[in-house]
Number of protein chains: 2
Amino acid sequence: MFEGSQLAKKYKIKKCECPSGKMTRFVEPCLLFFLSQQASYGYELMAKLDGFGFPKAKPDPAMVYRTLRYLEKEGFVVSRWDIKGGGPAKRIYELTARGFGLLHLWAEGIETRKKVLEKFLVLYKQRFKGTKKRMKPAVGRSR
Amino acid sequence: MFEGSQLAKKYKIKKCECPSGKMTRFVEPCLLFFLSQQASYGYELMAKLDGFGFPKAKPDPAMVYRTLRYLEKEGFVVSRWDIKGGGPAKRIYELTARGFGLLHLWAEGIETRKKVLEKFLVLYKQRFKGTKKRMKPAVGRSR
DNA sequence: TACATCTATATGTAATTAACATATAGTATA
DNA sequence: TATACTATATGTTAATTACATATAGATGTA
């Protein structure tokens, strides 16, 4: 996400020191949402995630498949095998009523998250507007 | 964050199953931002975090102190002891030029995160507008 | 037909990050 | 002199992600 960034180069901040591009447990709500649109299976859901504009280039298959199994174990989705179509058998997942409930809950949480990030960005832009983003350390302290 | 939520009750979703209120590594950029305003120390920074509208009620002292030591180890902040003021000695932190760089990098990352969350919410609202948020599972599948 | 490639699902393990618990100690106040 | 508050810090467990690898059917192609 930040590799090759101009800022990272400027301040000699290596990749490993950079803020991670993780979106904590964001795969789960995405899967729930996709399944709320229509039943689907792991491989296809992975492709949808790929086009979602994730920070990380590629979604991890492990995350997708394990999350789906977890959701089924907890009763948020149900699955059945599809051996009709071409290629290897697919495990088709469908969202249950509880699954819809979880999705709505996630949406509330994501709304909150977004607001917190927005608040940060408002304060940040306020603090640095007009500057060249290379402020000297502030002197003195609070109280 | 979701305990006591109407939705959670409605769908019998227990606390432990709920999406976590975590904001991955969000303490770090907040500390950097506060220090970009003025030098400060752990206990005071913790209080500022508290008022930031975090999903979790109280910030974890362990996170704050450990993050500050990490930032110093990596050269993003420098510290000195303050034994003048009342109460126990305080370790005052100041942001370095590299620290400012890291903050700007974080701001870029947070902007990206926010956009991803926004995208999710737009699609979600589009999908469920007008419904009572209790949709029956979709039938049929893709292709 | 043999081989590579694509589709599809799945698990094992290491690394990262957060959460919870606890220790230490100086200062203020009741 | 106990109690609460301020202040910093570390040890350990739990949660979550990242990376590696296994399996296997179907399809294309040399």
Practice task
Check whether any side-chain N or O of B:R91 sits under 4.0 Å from OP1 or OP2 of D:dA9, and answer yes or no.
Solution key: yes
Exercise for the section: Give a yes/no on whether any side-chain N or O of B:Y65 is located under 4.0 angstrom from OP1 or OP2 of D:dT8. Expected result: yes
Exercise for the section: Go through A:W106 and A:F33 one step at a time and tell me if the side-chain contact (heavy atoms from CB on, under 4.5 Å) criterion holds. Expected result: CA-CA 10 Å; A:W106 260 111; A:F33 177 72; over 6 Å; no
Problem - Residue-phosphate contact under 4.0 Å: A:Y41 side-chain N/O, C:dA8 OP1/OP2 - result: yes
Practice task
Verify the contact: side-chain N or O of A:R69 to OP1 or OP2 of C:dA10, cut-off strictly under 4.0 Å; return yes or no.
Solution key: yes
Exercise for the section: Would you check if there is a donor-acceptor pair between the side chains of A:S79 and A:E72 at a distance under 3.5 Å? Expected result: yes
Exercise for the section: On DNA chain C, check which nucleotide each of A:M63 and A:G87 is closest to and give me the residue with the more 5' one. Expected result: A:G87
Exercise for the section: Could you tell me whether B:A62 contacts a base, only the sugar-phosphate backbone, or nothing, with contacts defined as non-hydrogen atoms closer than 4.0 Å? Expected result: base
Fill in the blank from the handout: If each end axis of the helix from C:dT1-D:dA30 to C:dA30-D:dT1 is fitted on five C1' pair positions, the angle between them, to 10 degrees, is 0°
Problem - Within one Ile-Leu-Val-Met-Phe-Trp-Tyr cluster: A:I110 and B:L123, side-chain cutoff 4.5 Å - result: yes
Handout entry: Trace of the ring-ring contact (aromatic ring centres under 6.0 Å, His included) decision for A:F100 with A:F76
Key = CA-CA 8 Å; A:F100 274 87; A:F76 298 117; over 10 Å; no
Exercise for the section: Return the orientation label for the B:H104 and A:Y124 ring planes: parallel under 30°, perpendicular over 60°, tilted otherwise. Expected result: perpendicular
Practice task
Could you pull out all residues at least two apart from B:Y93 that satisfy ring pair (Phe, Tyr, Trp, His ring centres under 6.0 Å)?
Solution key: none
